[in-house]
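Both counts, for ligands and for their atoms, begin at 1 and track the order of listing.
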Amino acid sequence: MKREGLPRIPKALTIAGSDSGGGAGIQADLKTFQELDVYGMSAITAITVQNTLGVSGVYPLPPAAAAEQIRAVGSDLGVDALKTGMLFDAEIIRAVAAEIRRFGWKRVVVDPVMIAKGGETLLRREAVAALREELLPLAQVVTPNLPEAEVLSGLPIRTMQERREAAKRIRAMGPELVVIKGGHDEGNTRVSESENVSVSGKSWPSSQAGVEVVDLVYDGSHFTELAGLRVQTVHTHGTGCTFSAALTAALAKGAALQEAVRTARAFIQAAIEDSLELGRGHGPTNHWAYRRRQEVPL
Ligand SMILES: Nc1ncnc2c1ncn2[C@@H]1O[C@H](COP(=O)(O)OP(=O)(O)OP(=O)(O)O)[C@@H](O)[C@H]1O
Ligand SMILES: Cc1ncc(CO)c(N)n1
């Protein structure tokens with residue numbers, strides 16, 4: 001029964017792997033959706049045995065399990081925006097792509113998860129071609145980190161110029177917007193002007209090696225460098241998942257692409273800055289931080 005007069009609830013779907021440690025994967029995505037006032041749904045592709053010390057087991061589900069979960073929510077609750085995370089193999093990628101095509105979903109964020117921070121494989125090497133050919137043509141936004149951008153583009157990335165070239169090549173594979181995240185860049189590939197992101201009123205000097213983190217955004221005609229303060233912390237488990245989930249939530253609420261990227265950047269910056277210090281290894285980020293900062297003015 002439809003309830004009249006109630007506000008429409010934005011709905012987002014994550015198609016990804018489960019992280020038992022709760023900092024990445026499905027768990028990070030649902031926490032992020034919730035914090036951004038978006039109703040979260042999930043289609044689990046694989047179960048990982050994981051904590052802050054690393055991944056000790058990966059149990060992929062049959063491709064049909066992913067497809068059926070997607071159909072169940074798509075045919076009933078509806079999906080305003082979706083993201084993909086860990087997809088593990090080519091068969092799961094093909095099954096997921098077929099469902100996205102069936103429903104005709106357009107607000108699609110592909111986070112091309114390949115390797116965990118500890119080096120464990122979350123996407124089989126032979127599945128990269130399927131990711132490129134099946135999924136990227138369906139993506140509105142793709143959010144590779146630097147190693148993933150190298151694999152997708154086939155280019156080594158050492159400089160900002162090379163990063164731009166990789167973004168062009170990846171955009172040619174289908175997505176409207178490419179965001180190459182700079183979390184893995186401990187050096188300084190920064191050569192040009194940028195926009196500083198202001199998080200909770202803080203500002204910081206630009207162009208300082210190792211001090212800032214720069215995400216490169218390419219929309220087919222313009223490059224934008226989103227710079228933030230590089231937080232000196234080991235607690236960065238699930239930063240990529242959280243970033244793409246925040247972007248997806250913003251799209252589900254109807255934000256324009258560039259605005260959604262800015263929301264995601266501010267969300268992850270707050271989550272990394274207000275560290276939780278959980279576990280003995282690379283701990284999770286703080287999914288409460290963004291909302292709490294808005295609720296309690298400094
Ligand atoms: N130390 C840091 N300080 C501030 N922002 C960071 C830091 N590390 C990463 N980020 C930001 O977090 C987001 C995710 O970037 P990153 O390159 O870490 O993704 P990722 O490697 O896919 O993450 P993961 O594999 O852990 O999920 C980007 O917006 C990036 O700028
Ligand atoms: C399930 C899962 N997805 C993605 C990542 C990448 O952070 C991870 N560590 N675990």
Side-chain angles (χ1 to χ4, degrees), residues 14-30 32 42 44-61 83-88 109-123 142-152 157 163 179-186 189-190 194 197 199 202 204 210-217 225-247 260-275 281-286 289:
T14 169
I15 305 170
S18 165
D19 167 13
S20 50
I26 289 280
Q27 289 78 358
D29 296 342
L30 292 178
T32 303
S42 63
I44 299 183
T45 56
I47 294 173
T48 70
V49 181
Q50 207 172 159
N51 59 20
T52 67
L53 299 171
V55 181
S56 55
V58 173
Y59 297 90
L61 293 177
K83 66 157 277 188
T84 65
M86 173 187 180
L87 297 174
F88 193 66
V109 177
V110 171
D111 183 6
V113 171
M114 294 183 188
I115 294 171
K117 286 231 159 72
E120 303 83 1
T121 299
L122 302 177
L123 179 77
V142 63
T143 61
N145 62 23
L146 283 167
E148 290 158 357
E150 289 186 329
V151 170
L152 288 175
I157 304 176
R163 215 189 279 194
V179 183
I180 301 186
K181 301 169 295 186
H184 292 246
D185 177 24
E186 301 289 340
T189 58
R190 189 79 180 290
S194 72
V197 173
V199 179
K202 291 179 193 165
W204 47 86
V211 172
E212 58 180 15
V213 56
V214 182
D215 296 341
L216 178 68
V217 183
E225 293 175 19
L226 289 179
L229 174 67
R230 179 177 287 279
V231 183
Q232 299 304 321
T233 176
V234 296
H235 300 305
T236 53
H237 177 75
T239 48
C241 304
T242 302
F243 176 83
S244 56
L247 211 165
V261 173
R262 282 165 201 281
T263 300
R265 192 65 199 80
F267 191 96
I268 193 60
Q269 185 74 31
I272 298 172
E273 283 183 5
D274 296 0
S275 177
H282 292 279
T285 67
N286 183 345

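Here the CG-NE2 distance, from N145 to H184, works out to 4.0 Å after rounding to the nearest 0.5 Å. Distance check, rounded to the nearest 0.5 Å: CG of L87 to CE of M114 gives 10.5 Å.
Ion pairing between D111 and K181 holds under the 4.0 Å rule for side-chain N and carboxylate O.
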Check residues 53-60 and write down every donor-acceptor pair under 3.5 Å in which the side-chain atom is one partner and the other belongs to a residue at least two apart or another chain.
none

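One N or O on the side chain of R230 and one on the backbone of D185 form a donor-acceptor pair closer than 3.5 Å. At distances below 3.5 Å, not a single donor-acceptor pair connects side-chain atoms of S18 with backbone N or O atoms of T48.
Listed by number with element, the atoms of ligand 2 under 4.0 angstrom from any heavy atom of H237 are 9 (N). Per-residue contacts place V113 under 4.0 angstrom from the following atoms of ligand 2 (heavy atoms of the residue considered): 4 (C).
Protein heavy atom closest to atom 1 (C) of ligand 2, with residue, atom name and distance, is G17 O, 3.5 Å.
Contact annotation: the side chain of V151 never approaches that of E148 to less than 4.5 Å [non-hydrogen atoms, C-beta and beyond]. Residues F243 and I268 form a side-chain contact, since some pair of their non-hydrogen atoms from C-beta on lies under 4.5 Å apart.
Closest heavy-atom approach to atom 8 (C) of ligand 2 within the set E120, Q27, M86, Q50: this belongs to Q50.
Under 4.0 Å from ligand 2, the heavy atoms of L122 that appear belong solely to its side chain.
Enumerated by chain and number, the residues approaching ligand 1 to less than 4.0 Å through a heavy atom are K117, N145, K181, G183, H184, V213, D215, L229, R230, V231, T236, G238, T239, G240, C241, F243, R265, I268, Q269, I272.
At least one heavy atom of C241 sits under 4.0 Å from some atom of ligand 2.
When all heavy atoms are compared, the tightest approach of C241 to D29 is O-OD1, 3.3 Å.
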